[in-house]
Peer 1: 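Quick one: this structure, given as structure tokens, is what I'll be asking you about.
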Amino acid sequence: MSLVLRGPADVLAVNPVIPVVVIDDARHAVPLARALLRGGIRIIEITLRTSVALSAIERVASEVPEMVIGAGTVITPEQAVAVQRAGARFIVTPGTTPRLLDFVLDSGVPLLAGASTVTEMMQLAEKGLNAMKFFPAEVCGGRAYLSAVAGPFPELRFCPTGGISAANAADYLALANVGCVGGSWLTPKATILAEDWDKIEHFARQAALLNR
Ligand SMILES: O=C(O)C(=O)C[C@H](O)[C@H](O)COP(=O)(O)O
């Protein structure tokens, strides 16, 4: 079954956790995605931090169609075009410039845009984006910050990312304005390099069971 994503709120709704993944070897992408799926996680954000990221996105999009594949670390319109061609079904940005925001919104692909200040959050809401990424969450004030912005902006929903781990994910997910969290702890670099897919499946299973 393929999930339809109409916007960032649908991206937040897929699972309690969006795994943020750095792939160094494109051959790892498919077994990694399958391990996440076996653990119950059906969404993945592959970051454009390595030269093989586009190829990794392409492989997952074509070989693991059940996986909702997104591209992260998208910071230019050119990258936004390239990741959609590769098969990304949503785009994640660490922050948002007006140029990038308008370009991605015009392209119609669901955008999980990054914000870390109240002004940035208001700018995204002005564009109709009521669900967004809060990055880098822990160093920008964490749960206390999100609780504070819930006062004036009760309609906004967040995917806090940056510094989230198995130790604090549940505390974030307990907040009413947190839809899901993002993080790299499900897919540690050493575990990917060791091709220990069972371990990644185990991390995914624990993450998929988190309450929200
Ligand atoms: O690359 C991007 O687009 C980002 O926005 C950064 C990532 O979301 C964080 O680096 C994940 O944070 P950790 O879970 O603390 O490793």
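Note that the structure is a prediction, hence the values are computed from the model and not measured. Order of appearance sets the numbers: ligands from 1, and atoms from 1 within every ligand. Sequence positions, counted from 1, serve as the residue numbers for this chain.
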Peer 1: List for me each residue that meets side-chain contact (heavy atoms from CB on, under 4.5 Å) alongside Ala33, sequence neighbours excluded, and say none if there are none.
Peer 2: Val60, Val64, Met67
Peer 1: Should Leu193 and His28 count as side-chain neighbours, where that means a heavy-atom distance under 4.5 Å?
Peer 2: yes
Peer 1: Is there a side-chain contact (heavy atoms from CB on, under 4.5 Å) between Phe134 and Val178? Walk through the geometry before answering.
Peer 2: CA-CA 10 Å; Phe134 174 48; Val178 169; over 6 Å; no
Peer 1: Would you mind writing out a table of all protein N or O atoms found under 3.5 Å from any N or O atom of ligand 1, naming both atoms and giving the distance to 0.1 Å?
Peer 2:
from: ligand 1; atom 1: 1 (O); to: Arg49; atom 2: NE; distance (Å): 3.2
from: ligand 1; atom 1: 1 (O); to: Arg49; atom 2: NH2; distance (Å): 2.8
from: ligand 1; atom 1: 1 (O); to: Thr73; atom 2: OG1; distance (Å): 2.7
from: ligand 1; atom 1: 3 (O); to: Thr73; atom 2: N; distance (Å): 2.9
from: ligand 1; atom 1: 3 (O); to: Thr73; atom 2: OG1; distance (Å): 3.2
from: ligand 1; atom 1: 5 (O); to: Lys133; atom 2: NZ; distance (Å): 2.5
from: ligand 1; atom 1: 8 (O); to: Lys133; atom 2: NZ; distance (Å): 3.1
from: ligand 1; atom 1: 10 (O); to: Arg49; atom 2: NH2; distance (Å): 2.9
from: ligand 1; atom 1: 14 (O); to: Ser184; atom 2: N; distance (Å): 2.9
from: ligand 1; atom 1: 14 (O); to: Ser184; atom 2: OG; distance (Å): 3.2
from: ligand 1; atom 1: 15 (O); to: Gly163; atom 2: N; distance (Å): 2.8
from: ligand 1; atom 1: 16 (O); to: Ser184; atom 2: OG; distance (Å): 2.6

Peer 1: Between Gln123 and Thr96, is any side-chain donor less than 3.5 angstrom from a side-chain acceptor?
Peer 2: no
Peer 1: Tell me the side-chain hydrogen bond (donor to acceptor under 3.5 Å, both in side chains) pairs involving residues 143-158, sequence neighbours left out?
Peer 2: none
Peer 1: List in chain and number order the residues that pass side-chain hydrogen bond (donor to acceptor under 3.5 Å, both in side chains) with Glu201, two or more places apart in sequence or in another chain; answer none if no residue qualifies.
Peer 2: Arg38, Arg205
